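Reviewing the structure listed below.
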Amino acid sequence: MYPLYRPIVFLLSPESAHHLTVTMLKLAGNLAPTRALIKALYYPKVNGPAIDLLGLHFANPIGMAAGYDKDGEGWRGLAALGFGHIELGTVTVNPQDGNAKPRIFRIPEERAVINRCGFPNYGAEYMLKRMNGKRPKDLVLGVSIGKNKTTPLENAEDDYLKLIDLFAEKSDYLAVNVSSPNTPGLRELQEKGRFDRLLRAVAAKKAEVSQKYQKNMPIVVKLAPELNDDELDECLDVILDTGLDGVIISNTSLNRHGLKSPKASEFGGLSGVPIMAHSTQLIRNVARRTEGKLPIIASGGVMNVADAQEKLDAGAKLVQLYTGMIFEGPELPGKIIRSGLRY
Ligand SMILES: Cc1cc2nc3c(=O)[nH]c(=O)nc-3n(C[C@H](O)[C@H](O)[C@H](O)COP(=O)(O)O)c2cc1C
């Protein structure tokens, strides 16, 4: 169906199309009859085996990546499409506008997107309210956390710790986002000294909230695709050493290798087909270096069943989508889940 109405969707600016979609998911997802209708249309009847990872139970390996449901508005609708997990956010402590518009650019001929959103969101309190209420059975709801643009890098830790405190009770897992290219300085948190300090503080807070809520609070870290081998090794050492729970490989890329579109010169993070191969290679590297001990969540360029299988074969345990939803539409998660993935 989506190929039929995609041209109409693409008449809208990417951001307007996104808001319209999230509003529809919100409206349809919040009412039982429309939720049932979405499920009837899209939800795969047959799941493969469930996955036990991070101490959680995932109905299937397919998840919605961070940045789609930034404020926790549409997740009930997204769950009805079949996603086994949804990563809300990236949320910041205080509301912020993000960068000036336009800030999302479609590149249809490359099946790619460049975005420089800069974490626009209504802030932690707003999101928390949207996480109340009954949850669909078997849905894993994670939250991606980041620092406010106005928080100096030296104080970034305060933002992350506060967000862990705020979201620990209502989130099934948390993702520490230190890899968005659109918040000035954020990626410097991946540098050895800063990364080590930040993750030690995060690990201590994890222990504190786990004790407080009498559960293990899984915390994963989302990394940038530009890390070279040494940098990746350093990050993995710290993650393993601090006992955090996993990695998301990877965020969007600043690299523009081979991109022919004039839009390649737009600043921001590239996603979709052009980042697939490199991001998958990173997964292989991480799986090899950690000897499969560290749970890997794949993100980057999954547009179809074969791509999802490739991520799993490379060593990922879960696979997230974003740009694929823009080009392939709401059928995509169901199509992949129904395909009989091997994992
Ligand atoms: C418009 C847009 C906004 C995004 N916002 C976030 C974000 O807030 N936090 C985050 O961790 N990743 C964000 N991402 C990155 C995605 O979560 C994902 O890691 C990336 O797009 C690669 O996957 P894909 O090729 O399937 O899109 C965003 C991506 C897009 C396209």
Side-chain angles (χ1 to χ4, degrees), residues 13-19 21-22 62-72 78 83 85-92 96 98-99 101-107 110-122 127 142-149 160 163 173-183 186-187 189-190 220-226 247-255 263 266 268-280 282-283 296-304 307-308 310-311 316 318-328 332-333 336:
S13 76
E15 191 143 357
S16 304
H18 181 75
H19 280 302
T21 314
V22 173
I62 304 302
M64 181 78 239
Y68 193 92
D69 193 1
K70 287 179 179 296
D71 289 300
L78 284 170
F83 286 109
H85 73 281
I86 296 167
E87 194 167 304
L88 306 178
T90 296
V91 66
T92 53
Q96 61 179 26
N99 293 322
K101 293 177 189 168
R103 54 195 178 183
I104 307 179
F105 306 89
R106 288 185 205 105
I107 312 177
E110 317 256 9
R111 288 158 43 95
V113 164
I114 292 175
N115 95 83
R116 51 170 177 266
C117 292
F119 302 160
N121 76 102
Y122 294 130
M127 164 101 85
V143 177
S144 167
I145 56 176
K147 79 164 197 74
N148 274 109
K149 185 178 178 182
Y160 288 99
L163 288 161
Y173 76 91
L174 293 167
V176 174
N177 182 0
V178 283
S179 49
S180 164
N182 301 314
T183 296
L186 190 81
R187 287 182 164 195
L189 293 172
Q190 294 171 121
V220 301
V221 184
K222 187 165 178 178
L223 297 174
E226 285 87 356
V247 271
I248 305 178
I249 306 288
S250 62
N251 215 314
T252 54
S253 178
L254 288 170
N255 213 314
K263 288 189 199 141
E266 292 291 350
L270 177 68
S271 58
V273 170
I275 71 166
M276 166 78 190
H278 178 67
S279 190
T280 310
L282 282 184
I283 292 173
I296 302 170
I297 302 172
S299 163
V302 174
M303 315 299 276
N304 54 43
D307 294 340
E310 211 175 310
K311 299 286 190 194
L318 302 170
V319 179
Q320 298 184 336
L321 319 169
Y322 191 141
T323 305
M325 287 282 286
I326 297 174
F327 291 104
E328 302 301 322
L332 185 61
I336 299 177

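Each ligand, and each atom within it, is numbered from 1 in the order the structure gives. Source: prediction; values computed, not measured.
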Step by step, would you call V273 with E110 a side-chain contact (heavy atoms from CB on, under 4.5 Å)? CA-CA 7 Å; V273 170; E110 317 256 9; over 6 Å; no
Parallel, tilted or perpendicular, as decided by the 30° and 60° cut-offs, for the rings of Y68 and Y322 | perpendicular
(Q) Within the structure provided, determine whether L174 and V220 are in side-chain contact (heavy-atom separation under 4.5 Å). (A) no
List the steps and the verdict of side-chain contact (heavy atoms from CB on, under 4.5 Å) for F119 and K147.
CA-CA 9 Å; F119 302 160; K147 79 164 197 74; 5.9 Å; no
Every pair of nitrogen or oxygen atoms between ligand 1 and the protein that is under 3.5 angstrom apart - can you list them with their distances to 0.1 Å?
unit_1, atom_1, unit_2, atom_2, d
ligand 1, 5 (N), K70, NZ, 3.3
ligand 1, 8 (O), K70, NZ, 3.3
ligand 1, 8 (O), T90, N, 3.3
ligand 1, 8 (O), T90, OG1, 3.3
ligand 1, 9 (N), T90, OG1, 2.7
ligand 1, 9 (N), N177, ND2, 3.3
ligand 1, 11 (O), N177, ND2, 3.1
ligand 1, 11 (O), K222, NZ, 3.1
ligand 1, 12 (N), K222, NZ, 3.1
ligand 1, 14 (N), A66, O, 3.4
ligand 1, 17 (O), A66, O, 2.7
ligand 1, 17 (O), K222, NZ, 2.9
ligand 1, 19 (O), K222, NZ, 2.9
ligand 1, 19 (O), S250, O, 3.4
ligand 1, 19 (O), S299, OG, 2.6
ligand 1, 23 (O), S299, OG, 3.4
ligand 1, 23 (O), G300, N, 3.4
ligand 1, 25 (O), G272, N, 2.8
ligand 1, 25 (O), G301, N, 2.7
ligand 1, 26 (O), Y322, N, 3.1
ligand 1, 27 (O), T323, N, 2.8
ligand 1, 27 (O), T323, OG1, 2.5

Flag for S279-S250: side-chain donor and acceptor within less than 3.5 Å: yes
State plainly whether the residues E226 and R187 are in salt-bridge range, i.e. N to O under 4.0 Å. yes
